[in-house]
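For the numbers below, each heavy atom of this structure counts, side chains included, while hydrogens, waters and symmetry mates do not. Numbers here simply count residues along the sequence, with the first being 1. Quick caveat: nothing in here was measured; it's all calculated off a predicted structure.
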Amino acid sequence: MSKGSVVLAYSGGLDTSCILVWLKEQGYDVIAYLANIGQDEDFDAARKKAEKLGAKKVFIEDLRSEFVEEFIWPAVQANAVYEDRYLLGTSIARPCIARRQVQIAQKEGAQYVSHGATGKGNDQIRFELTCYALYPQVQIIAPWRIPEFYKRFRGRKDLMEYAEKHGIPVPVTPKAPWSMDANLMHISYESGILENPKNHAPSDLYQMTKNPEDSPNEADVLEIDFIKGVPVKVTHVKEGKSKDTPLEIFCYLNEIGGKHGVGRIDIVENRFIGMKSRGIYETPGGTILLHAHLDIETFTMDREVRKIKQSLGIKFSELIYNGFWYSPECEFVRHCVDKSQENVEGRVQLSVFKGQVYILGRESPKSLYNEELVSMDVQGDYDPCDASGFIKINAVRLREHNRLQGAAQKKL
């Protein structure tokens with residue numbers, strides 16, 4: 001007798017193929033679900049494989065547009081960067097994937113959802129918190145936290161033996177000595193030989209970007225138009241080529257950024273579960289947008305509002321990284337960030353060249369920049385004596401600070 005239906009977040013790879021068969025062994029009816037979020041994948045082959053392995057139903061969902069519009073764009077508005085460097089490509093994708101998984105489970109009347117995330121990573125948290133937030137009654141089967149499963153499958157060798165025994169097609173090409181996760185926003189690399197933080201990334205690791213040393217010797221100059229902090233158009237200045245839908249804009253920026261080797265980072269980060277991990281990321285389009293958005297935002301946003309908004313961006317990044325996209329606090333922060341973007345409008349011109357993004361100029365109908373006021377050649381309405389008040393106030397503060405320091409040193 002069936003224990004019920006489970007919607008499995010399925011990738012078509014060795015791990016989730018083994019999990020699919022294992023769940024069937026445990027007595028569950030398995031519904032396989034594969035999200036298209038821009039990864040290079042043979043989706044028809046994955047469907048056939050899941051059906052052959054006994055999936056009751058297979059859902060392959062194209063989430064690329066909603067991934068850009070509902071997840072990447074809010075991150076662009078927030079200038080979301082975790083621990084100063086990571087643009088959150090994997091973190092942002094998980095709530096997008098898990099949301100559709102929950103929708104399928106509710107539609108199909110499934111009481112369970114399952115995933116192949118490991119017990120040491122962040123993804124288990126991101127998937128599960130999303131599922132519980134959107135479908136509180138759901139029960140989650142996390143095989144890599146079930147002793148019966150992880151004691152049976154202690155490594156790739158055990159999975160391969162299980163696959164051969166159960167007729168699961170196994171990879172015919174050697175596995176790279178690291179793991180890789182790809183989507184429209186980025187590709188991440190970790191584990192294997194990369195776990196030693198001293199080891200350099202092999203030259204053949206990168207899939208999304210060229211080595212900057214081998215990139216073209218001529219820059220690509222782009223104009224990016226923003227409305228309410230969201231890119232609405234990108235134009236190649238020399239070629240006259242334009243893109244104006246969210247998915248096309250982001251894919252084109254990936255193409256240009258990848259061509260010039262933009263967006264590579266190699267970092268050690270702090271996982272939510274309490275350990276440090278080494279990750280290598282390439283995020284070409286996202287890196288271009290971060291530079292452009294920061295520029296137009298500073299040009300159009302009030303100074304004090306921007307100070308508050310910067311702190312909100314840091315909080316937003318932590319919430320995304322830790323899996324709290326569907327929390328009340330994250331909803332509140334997103335609302336505040338969205339409010340801050342009302343006047344972030346205009347055009348940024350930039351150059352992409354040999355791994356770098358160079359801002360060339362900007363213009364906006366909502367600019368707070370006053371050329372006459374700031375000019376050294378035009379007096380305008382500004383009285384230079386106004387600066388005296390600022391100087392006097394801060395001079396008092398600095399003199400008092402130095403007096404107290406001097407008194408303290410005398411006591412020592």
Side-chain angles (χ1 to χ4, degrees), residues 5-24 28-72 89-108 110 112-117 123 126-127 130-131 143 159-160 163 166-176 179-189 207-208 245-252 254-255 258 282-285:
S5 295
V6 54
V7 179
L8 170 65
Y10 181 70
S11 69
L14 179 63
D15 286 38
T16 53
S17 294
C18 289
I19 289 172
L20 192 162
V21 174
W22 182 82
L23 287 168
K24 284 174 62 20
Y28 296 98
D29 292 325
V30 181
I31 299 169
Y33 153 62
L34 178 57
N36 176 2
I37 49 172
Q39 70 273 37
D40 183 13
E41 184 74 57
D42 187 337
F43 294 102
D44 287 337
R47 176 190 295 279
K48 290 173 183 174
K49 185 175 182 180
E51 290 171 343
K52 182 181 178 183
L53 296 178
K56 183 172 74 170
K57 286 187 178 180
V58 180
F59 288 86
I60 296 179
E61 303 287 303
D62 187 348
L63 307 182
R64 290 174 299 168
S65 290
E66 63 190 72
F67 180 38
V68 174
E69 296 173 49
E70 300 177 38
F71 295 88
I72 296 178
T90 296
S91 314
I92 293 170
R94 295 320 186 218
C96 177
I97 295 168
R99 179 176 69 179
R100 183 57 59 90
Q101 185 177 14
V102 162
Q103 290 168 347
I104 292 170
Q106 291 173 322
K107 177 185 172 186
E108 296 296 316
Y112 304 91
V113 296
S114 183
H115 59 77
D123 280 345
R126 296 165 182 155
F127 276 117
T130 296
C131 291
L159 290 169
M160 292 285 283
H166 291 82
I168 300 171
V170 296
V172 293
T173 55
K175 186 179 185 293
S179 67
M180 183 179 93
D181 180 73
N183 64 46
L184 193 65
M185 188 170 184
H186 85 167
I187 300 179
S188 66
Y189 309 89
Q207 304 293 310
M208 203 172 184
T245 68
L247 184 56
E248 287 181 332
I249 288 170
F250 201 77
C251 288
Y252 185 61
N254 273 341
E255 177 188 332
E282 44 185 345
T283 317

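For the atom pair CD1 (Ile19) and OH (Tyr10), the distance works out to 10.5 Å, reported to the nearest 0.5 Å. Here the straight-line distance linking atom CG of Leu23 with atom OG of Ser114 works out to 4.5 Å at 0.5 Å rounding.
With sequence neighbours left out, Glu248 forms a side-chain contact (heavy atoms from CB on, under 4.5 Å) with Lys243, Asp244, Thr245. In this view, Phe127 and His115 satisfy the ring pair (Phe, Tyr, Trp, His ring centres under 6.0 Å) rule, not counting sequence neighbours. Residues satisfying the side-chain contact (heavy atoms from CB on, under 4.5 Å) criterion with Ser179, sequence neighbours excluded, are Glu190, Ser191. Every residue was checked against the side chain to side chain donor-acceptor pair (under 3.5 Å) condition with Ser65, not counting sequence neighbours, and none meets it. Among residues two or more places apart in sequence or in another chain, the side chain to side chain donor-acceptor pair (under 3.5 Å) test is passed with Asp15 by none. With sequence neighbours excluded, the residues forming a side chain to side chain donor-acceptor pair (under 3.5 Å) with Arg64 are Asp62, listed by chain and number. Listed by chain and number, the residues in a ring pair (Phe, Tyr, Trp, His ring centres under 6.0 Å) with Tyr252 amount to none (sequence neighbours excluded). Residues passing the side chain to side chain donor-acceptor pair (under 3.5 Å) test with Ser91 are Arg126, sequence neighbours excluded.
Of all heavy-atom pairs spanning Leu184 and Leu247, the tightest one is CD2-CD1, 3.5 Å.
No side-chain heavy atom of Trp22 sits under 4.5 Å from any side-chain heavy atom of His166. Contact of the Asn254 side chain with the Met208 side chain is registered, since non-hydrogen atoms from C-beta on lie closer than 4.5 Å.
Distance alone, capped at 3.5 Å, is enough to place a donor-acceptor pair between the Thr16 side chain and the Ser11 backbone.
Screening residues 96-105 for side-chain hydrogen bond (donor to acceptor under 3.5 Å, both in side chains), with sequence neighbours left out, gives Glu61-Arg100, Glu66-Arg99, Glu66-Arg100, Glu70-Arg99, Arg100-Gln103. Screening residues 38-48 for side-chain hydrogen bond (donor to acceptor under 3.5 Å, both in side chains), with sequence neighbours left out, gives no hits.
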What donor-acceptor contacts under 3.5 angstrom involve side-chain atoms of residues 29-38, with partners at least two apart or in another chain?
{"unit_1": "Asp29", "atom_1": "OD2", "unit_2": "Ser2", "atom_2": "OG", "d": "3.0"}
{"unit_1": "Tyr33", "atom_1": "OH", "unit_2": "Ile97", "atom_2": "O", "d": "2.8"}
{"unit_1": "Asn36", "atom_1": "OD1", "unit_2": "Gly38", "atom_2": "N", "d": "3.0"}

Result block: side-chain N/O donor-acceptor pairs under 3.5 angstrom for residues 52-59, not counting sequence neighbours:
{"unit_1": "Lys56", "atom_1": "NZ", "unit_2": "Ser5", "atom_2": "OG", "d": "2.9"}
{"unit_1": "Lys57", "atom_1": "NZ", "unit_2": "Glu108", "atom_2": "OE1", "d": "2.7"}
{"unit_1": "Lys57", "atom_1": "NZ", "unit_2": "Glu108", "atom_2": "OE2", "d": "3.4"}

